[in-house]
Participant: 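Okay, here's the structure, questions in a sec.
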2 protein chains.
Amino acid sequence: MPQEKSVEDRPVLGVRARARVELTRAIVETARRHLAQDGPANLSLRAVARELGMVSSAVYRYVPSRDDLLTLLIIEAYDALGAAAEKAEAKVPRTDLDGRFVAVGRAVRTWAIEHPHEYALIYGSPVPGYAAPQDTIAPATRVPAILIGVLADAVAAGVYDPAAAPEVPAAVRRSLGPVRAAIPDVVPDDLVVRGIMAWSTLLGLVSMEQFGQFHNVLAEAASQREAFFTEALRRTSAVTTRTPAPRP
Amino acid sequence: MPQEKSVEDRPVLGVRARARVELTRAIVETARRHLAQDGPANLSLRAVARELGMVSSAVYRYVPSRDDLLTLLIIEAYDALGAAAEKAEAKVPRTDLDGRFVAVGRAVRTWAIEHPHEYALIYGSPVPGYAAPQDTIAPATRVPAILIGVLADAVAAGVYDPAAAPEVPAAVRRSLGPVRAAIPDVVPDDLVVRGIMAWSTLLGLVSMEQFGQFHNVLAEAASQREAFFTEALRRTSAVTTRTPAPRP
DNA sequence: CCGAAACAAGAGCACTGCTCTCTACGGAGA
DNA sequence: TCTCCGTAGAGAGCAGTGCTCTTGTTTCGG
């Protein structure tokens, strides 16, 4: 998008530039509504154009392709989910580490229930080409960043004693290379592994519920689903941010 | 499919009936190949028909719709995955409970890596209408059934002492209603919850890797991915099939 | 002020799922 | 054995999709 640079340069935007940002916003917004209603697979560029009263070819002036539009929606979804999780976690006292983890998990689940198609878009099978564009990885880290904060605070508060942390096998330590760059050094590898496992459990639970894997497994009533989920989150937290018992 | 009944009745199949089962098999088979190559979203009935040298409308004599064809492929995928997991688990000595769980987990992951689109079809965001047809739920239980066997053997072998099992909250116990029907009574609710969590962790790990959520988190090298995964599975098993320490 | 760039509109291409009509043929009853 | 009847295949066609190209029109900057 070479236009954006010239747009950024001009302090006062001309008629054309204003119309461009406005229309781009309108396109993404109606696309988001269509996505929420019909799901990623049924998102139609032509339908979006129709609702905006323009012809389909005109949309291509603003969005390079359908996949790029989906990428924009992916970014929006990651951001919305991240905001919801941050808001929920911020309400819990800093010292209540389990409460913070559970709050994040419940926020993710609640957001997924309220935005099933958006959730499927970001955590389901990727619809566009497999390679996730560079723009999506930053917003995708928002929720994990909260969990990293909890891990770091567990060490800081002494709930997890790094001195008692067991060494992880060398191959496992090497596998953690990329994520180590985003985690404070005080968090030992053992706790990093636990954190990734906790995050996987959380997403696994939400995805399985969202994608229907809990049919004929858990009761359908919302209150019981909620009870099970909260229990699972509490147990997950209990095996994550705790000083490990020395094992023979 | 009212024809099937008459087909079952006749001991010797006529030319028409033979051709029907043959062609149906051919359609599903080529569809499976197309699915493996291009993914569920790009599966085209017309392309399948083209490859079989028939016109698209003829396929509708055998498959009611594209979604029904996908449902058939879903059933096949569940069965193939279940077979792979069963085979891997059968090789482990019955007494090695952790080994059996890890074997199942590794088998699921290996199968997912070898059949990414099939995996996405069954454990990713559902492509057809949300309601999973009745025919799919039976094959879907194949892998979980193996894990249930491990849980039951943990109780039988005394590795998990049901006498020491803590009571789960009443709402959680009620949420387990459906799945209890498929689990021996000797397995206490506490262990059922652990089992569902372990299964969620396993699927969460595989899905996150498969859907690209581990980019910039774990190293890309296959050996390191494998090492991390095995470690995670071992840890998951270790917190599942063990007599719980009494907590204050 | 004028040329270049951006824009909207429309036609068109190749493709999809699915329906309908028409013709040919296999199989079972009279 | 012959005669229907239901099934099979072929083709045309409909409505929809993503995307491209051409043709005018409007806006902006030198």
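We name chains A, B, ... by the order of the sequence lines, and we start the count at 1 in each one.
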Participant: What string of B, S and - do you get for nucleotides 20-26 of chain C, 5' to 3', when a contact is any protein heavy atom under 4.0 Å?
Facilitator: B----BB
Participant: When you measure from the side chain of A:Arg50, which nucleotide among D:dG11, C:dG17, D:dT17 comes out closest?
Facilitator: D:dT17
Participant: According to salt bridge (Lys or Arg N to Asp or Glu O under 4.0 Å), does anything in residues 194-205 of chain A pair up with another residue at least two apart or in another chain? List the pairs.
Facilitator: A:Asp190-A:Arg194
Participant: Counting only side-chain nitrogens and oxygens, does B:Tyr62 get under 4.0 Å of the OP1 or OP2 atom of D:dT7?
Facilitator: no
Participant: From the set D:dC19, C:dC18, D:dG9, return the single nucleotide nearest to any side-chain atom of B:Ala58.
Facilitator: D:dG9
Participant: How many whole angstroms separate atom CZ of B:Arg18 from atom C1' of C:dG27?
Facilitator: 16 Å
Participant: Within the 4.0 Å heavy-atom criterion, would you say A:Ser56 contacts the bases, only the backbone, or no part of the nucleic acid?
Facilitator: base
Participant: Regarding A:Leu23, tell me which of base, sugar-phosphate or nothing describes its non-hydrogen contacts under 4.0 Å with the strands shown.
Facilitator: sugar-phosphate
Participant: Choosing from D:dC19, D:dT17, C:dG17, which nucleotide comes nearest the side chain of A:Arg66?
Facilitator: D:dC19
Participant: May I ask you to say what A:Arg46 touches in the nucleic acid, namely base, sugar-phosphate or nothing, with a heavy-atom cut-off under 4.0 Å?
Facilitator: base
Participant: Using a heavy-atom cut-off of under 4.0 Å over every strand shown, decide if B:Leu43 touches base, sugar-phosphate, or nothing.
Facilitator: sugar-phosphate
Participant: Which word best sums up how the rings of A:Tyr119 and A:Phe211 line up, parallel for under 30°, tilted for 30 to 60°, or perpendicular for over 60°?
Facilitator: tilted
Participant: With respect to the side chain of B:Arg20, which nucleotide from D:dA8, C:dC7, C:dT16 is positioned closest?
Facilitator: D:dA8
